[in-house]
Amino acid sequence: MSYAKQWLLAAAAGLSFLSAPVLAQVQVQDAWIRATLPQQKATGAFMKIQAERAVRLVGVGSSALPVVELHEMRMQDQVMKMRRIDTLDLAAGQTLELKPGSYHLMLMNLDRALQPGERIPLELQFEDAKGTRSRVQVQAEVRAMTPPAAPASQGQNHGHGHGHGH
Ligand SMILES: [Cu+2]
C-alpha cells in the first residue's frame, strides 16, 4: 500500500498542472490505543507520525469516541504533568512518536470499555505552511498493556499482555 501511495505522490508531483486533490504529506503508522477497564473514562492513543514537509497537527478526533484531545506530558517540578495542547509542529522529514509519557491523544468521557483487538477510527488534521489542510484517517488497534502494578483484587491472568509492539 505504501508503494501505491508513493506512486500516487510521485504522479501528483509530475502532474501538478492537473489541480490534483491535495494528498496527505503525512503518514501515520502503528497507531494503537491502550485498552480500558469497564469503569475507566479515559485512555491514551499513540502512533508514529511522519511528515514529508513541515506541517502542524491542528486537530484530532474520532467518529467513534465522544472526546479526543491532543496532550503532552512532561516533568514539572519533578512531577509528571499532563496538559492539553492545541497544535503540534512537525519538521520536514521528522518522525514524531506519540507514546506513553510523552505526546498522546487523550480519549475521554468513554462510555464503554475499549477491548483489545478492537479497531477505532482516529482522524488527524494537519495544516501546511500555506495553510492548506489535510486529513489523515487511521484505524488504531486497541492493545492490552500490562498494568504497572498488579491490582489488589484477585489476579486475573490474561496471558497476552506482554507484547511490546513491533
Ligand atoms: Cu492525556
In Å and rounded to the nearest 0.5 Å, what is the [atom1] to [atom2] distance from [X] to [Y]?
{"X": "Lys99", "Y": "Asp30", "atom1": "NZ", "atom2": "CG", "answer": "12.5 Å"}
{"X": "Phe126", "Y": "Arg133", "atom1": "CZ", "atom2": "CZ", "answer": "12.0 Å"}
{"X": "Gln125", "Y": "Arg135", "atom1": "CD", "atom2": "CZ", "answer": "4.5 Å"}
{"X": "Asp128", "Y": "Glu52", "atom1": "CG", "atom2": "CD", "answer": "12.5 Å"}
{"X": "Leu65", "Y": "Asp111", "atom1": "CG", "atom2": "CG", "answer": "8.5 Å"}
{"X": "Leu105", "Y": "Leu98", "atom1": "CG", "atom2": "CG", "answer": "5.5 Å"}

Which pair of non-hydrogen atoms, one from [X] and one from [Y], has the smallest distance, and what is that distance?
{"X": "Ala35", "Y": "Gln40", "value": "O-OE1, 4.3 Å"}
{"X": "Met47", "Y": "Ile49", "value": "CG-CG1, 3.9 Å"}
{"X": "Glu69", "Y": "Val60", "value": "C-CG2, 3.8 Å"}
{"X": "Ala45", "Y": "Leu122", "value": "CB-CD1, 3.9 Å"}

Using modelled atom types and a 3.5 Å cut-off, is there a donor and acceptor pairing between side-chain atoms of Thr43 and backbone atoms of Arg34?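 Present.
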Donor-acceptor pair, side chain of Ser62 and main chain of Pro121, under 3.5 angstrom: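 Pair found, side chain donor or acceptor close to backbone of Pro121.
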Identify whether [X] and [Y] are in the same connected component of the hydrophobic contact network (ILVMFWY, side-chain heavy atoms under 4.5 Å).
{"X": "Met75", "Y": "Val79", "result": "no"}
{"X": "Val58", "Y": "Leu70", "result": "no"}
{"X": "Leu96", "Y": "Ile33", "result": "yes"}
{"X": "Leu88", "Y": "Met73", "result": "no"}
{"X": "Met106", "Y": "Ile120", "result": "no"}

So does Gln139 have more than 12 non-hydrogen atoms from other groups sitting under 6.0 Å from CD?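 Check passes, neighbour count above 12.
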Side chain proximity check, Arg83 to Glu72, heavy atoms < 4.5 angstrom: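 Counting from C-beta outward, Arg83 and Glu72 do come under 4.5 Å.
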Flag side-chain contact, heavy atom, 4.5 Å: Leu107 against Leu114: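 In contact.
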What class does the angle between the rings of Phe46 and His104 fall in, given that below 30° is parallel, 30 to 60° is tilted and above 60° is perpendicular?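 Rings of Phe46 and His104: tilted, 30 to 60°.
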